[in-house]
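What follows is a short report on a single structure.
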Amino acid sequence: MRVLDFSSPSAQKKSQKSPPSPRWLNALQAVLTGGWEGYRRRQAEGQVIGLLGSLLDNRFVVVRGLSAGEQETPLPPLLVGPPGAFLLAVWPKAGFFRIREDQWEIMQRNTRNYRPAKPNVVQQVKAQAEAAAAVLRDALGRPMPVEPLLIFTNPGADVAVSRPVVHPLLPDGLRRYAAQLAKKEAQFSPAEIYQLLDALRPPEAPPPPPKRRPKPPAEPPPIVRKAERLFDFTPRQWLILGVLTALVLLLFMALILLVLFSQGAGRPV
């Protein structure tokens with residue numbers, strides 16, 4: 001069984017040669033992204049995918065991180081194979097639960113009675129399966145029903161059912177269900193499955209435009225280059241040159257004034 005993970009851009013960009021991230025770093029990212037509940041659910045999804053991977057062949061593919069419309073939260077993993085498509089919604093908590101049609105109930109510890117619980121997990125899983133079916137219909141061009149599976153991964157969980165609208169499975173029941181899937185009649189050809197997976201793959205971001213190299217400055221004329229070589233002075237040298245120029249100008253003006261006064265003094269009254 002193959003796994004396609006679209007849950008994060010980093011998962012899509014990682015090459016096969018790049019070293020895997022440390023487990024503690026992946027766990028920290030999962031907690032920061034989805035909180036503790038999201039982290040537990042993702043760990044339980046990994047357990048389910050690992051179990052199915054040991055039971056199903058390469059005709060089956062699990063798609064993680066599939067988004068429906070504008071929803072920010074991705075759908076649960078989706079199992080696609082010749083028998084059809086199946087939503088792998090997991091429930092990692094322990095307890096006694098009951099599913100009556102589309103109602104979700106939890107046994108109370110004090111009274112030992114079942115009470116409706118919120119949020120209604122059964123209706124959530126049903127809506128997620130319908131959203132996934134809409135995504136597959138748009139991608140494949142024809143209806144592709146999605147069977148919702150509610151998988152209880154905690155050994156301390158037990159579920160009672162009465163005409164459930166979703167298919168509940170305990171760990172042992174998941175093994176039997178996977179064995180039956182491999183024997184079911186094919187509804188989709190391998191070509192249709194490849195077409196579907198290509199349509200589901202998120203579009204790659206366009207490469208950034210190439211950076212324009214700055215144009216080199218225009219070559220100055222030869223006379224300018226010659227002048228730059230001749231007057232390539234340091235700031236201190238320019239200061240000394242300026243002071244000397246000012247002194248020469250003052251001396252020149254003093255000589256002019258001296259000549260003018262001497263001529264005026266030599267004239268007869």
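Side chains included, hydrogens not; waters and symmetry mates left out as well; all remaining heavy atoms used.
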Taking every heavy atom of Pro76 against every heavy atom of Leu87, the minimum-distance pair comes out as O-CD1, 3.9 Å

Salt bridge check: are Arg100 and Glu105 linked by an N-O gap of less than 4.0 Å? yes

Check: Would Leu200 and Tyr194 show up in the same hydrophobic cluster when neighbours are defined by side-chain heavy atoms closer than 4.5 Å?
Finding: no

Q. Are the side chains of Ile99 and Ser162 in touch, meaning some heavy atoms are under 4.5 Å apart?
A. no

Value for NZ (Lys118) from CD (Gln123), rounded to nearest 0.5 Å, stands at 10.5 Å

dist Leu249:CG -> Thr245:OG1 (nearest 0.5 Å) comes out at 7.0 Å

message: Can you confirm whether Asn113 sits close enough to Gln108 that some side-chain heavy atom of one is under 4.5 Å from a side-chain heavy atom of the other?
response: no

Q. If only atom types and distance count, is the side chain of Asn120 paired as donor or acceptor with the main-chain N or O of Asp102 below 3.5 Å?
A. yes

Heavy atoms of Val135 and Ser67 approach each other most closely as CG2-O, 4.0 Å

- Item | N-O pairing of Glu101 and Lys126 below 4.0 Å | no

One should read off an interatomic distance between Leu136 CG and Leu66 CG, to the nearest 0.5 angstrom, of 7.0 Å

### Task
List the steps and the verdict of salt bridge (charged side-chain N to carboxylate O under 4.0 Å, His left out) for Asp5 and Arg42.
CA-CA 12 Å; Asp5 193 350; Arg42 185 166 179 84; 3.3 Å; yes

Could you go through residues 168-186 and list every donor-acceptor pair under 3.5 Å that involves a side-chain atom there, pairing it with any protein atom two or more places apart or in another chain?
{"unit_1": "Tyr177", "atom_1": "OH", "unit_2": "Glu147", "atom_2": "OE1", "d": "3.1"}
{"unit_1": "Tyr177", "atom_1": "OH", "unit_2": "Glu147", "atom_2": "OE2", "d": "3.1"}

Can you find a heavy atom in the side chain of Leu79 that is under 4.5 Å from one in the side chain of Phe60?
yes

- 4.5 Å side-chain heavy-atom contact, Gln187 and Pro83: no

The remaining residues in the hydrophobic cluster of Phe96, counting side-chain heavy-atom contacts under 4.5 Å among Ile, Leu, Val, Met, Phe, Trp and Tyr, are Met107, Tyr114

What side-chain donor-acceptor pairs closer than 3.5 Å can you find for residues 149-157, not counting sequence neighbours?
{"unit_1": "Asn154", "atom_1": "OD1", "unit_2": "Gly156", "atom_2": "N", "d": "2.8"}
{"unit_1": "Asn154", "atom_1": "ND2", "unit_2": "Pro92", "atom_2": "O", "d": "3.1"}

ask   = Do the side chains of Val165 and Ile106 join up, straight or via other hydrophobic residues, at under 4.5 Å, putting them in one cluster?
value = yes

* To do: Kindly indicate whether the side chain of Val63, heavy atoms from C-beta on, has any atom under 4.5 Å from the side chain of Phe6.
  => yes

query = Are Val80 and Leu55 connected in a single hydrophobic cluster, I mean Ile/Leu/Val/Met/Phe/Trp/Tyr linked by side-chain heavy atoms less than 4.5 Å apart?
reply = no

Next item on the list: Could you please spell out the steps behind the side chain to side chain contact (heavy atoms under 4.5 Å, CB included) verdict for Leu4 and Leu197?
Entry: CA-CA 9 Å; Leu4 297 180; Leu197 296 178; 4.2 Å; yes

*Side-chain contact, heavy-atom cut-off 4.5 Å: Asp57 with Met1?*
no

### Query
Going through the checks in order, is the side chain to side chain contact (heavy atoms under 4.5 Å, CB included) test met by Glu130 and Val146?
CA-CA 7 Å; Glu130 294 173 351; Val146 176; over 6 Å; no

### Task
Indicate yes or no: at least one non-hydrogen side-chain atom of Val3 is less than 4.5 angstrom from one of Val61.
no

Side-chain heavy-atom pair Gln103, Arg98 within 4.5 angstrom cut-off = no

d(Gln128 CD, Leu78 CG) to nearest 0.5 Å is 11.0 Å

The reported gap from CZ in Phe86 to CG in Leu52 (rounded to nearest 0.5 angstrom) is 10.5 Å

Leu196 and Ala139 have their tightest heavy-atom pair at CD1-CB, 3.8 Å

Would you say Val125 and Val122 are hydrophobically clustered, going by side-chain heavy atoms of ILVMFWY under 4.5 Å? yes

Exercise for review: Apply the test side chain to side chain contact (heavy atoms under 4.5 Å, CB included) to residues Glu192 and Met144: give CA-CA distance (whole Å), side-chain angles for both, the deciding distance (0.1 Å), then the verdict.
Suggested key: CA-CA 11 Å; Glu192 289 177 317; Met144 188 174 184; over 6 Å; no

Report the C-alpha distance between Leu88 and Glu45 in whole Å, list the side-chain angles of each, state the deciding distance to 0.1 Å, and finish with yes or no for side chain to side chain contact (heavy atoms under 4.5 Å, CB included). CA-CA 8 Å; Leu88 308 177; Glu45 291 175 356; over 6 Å; no

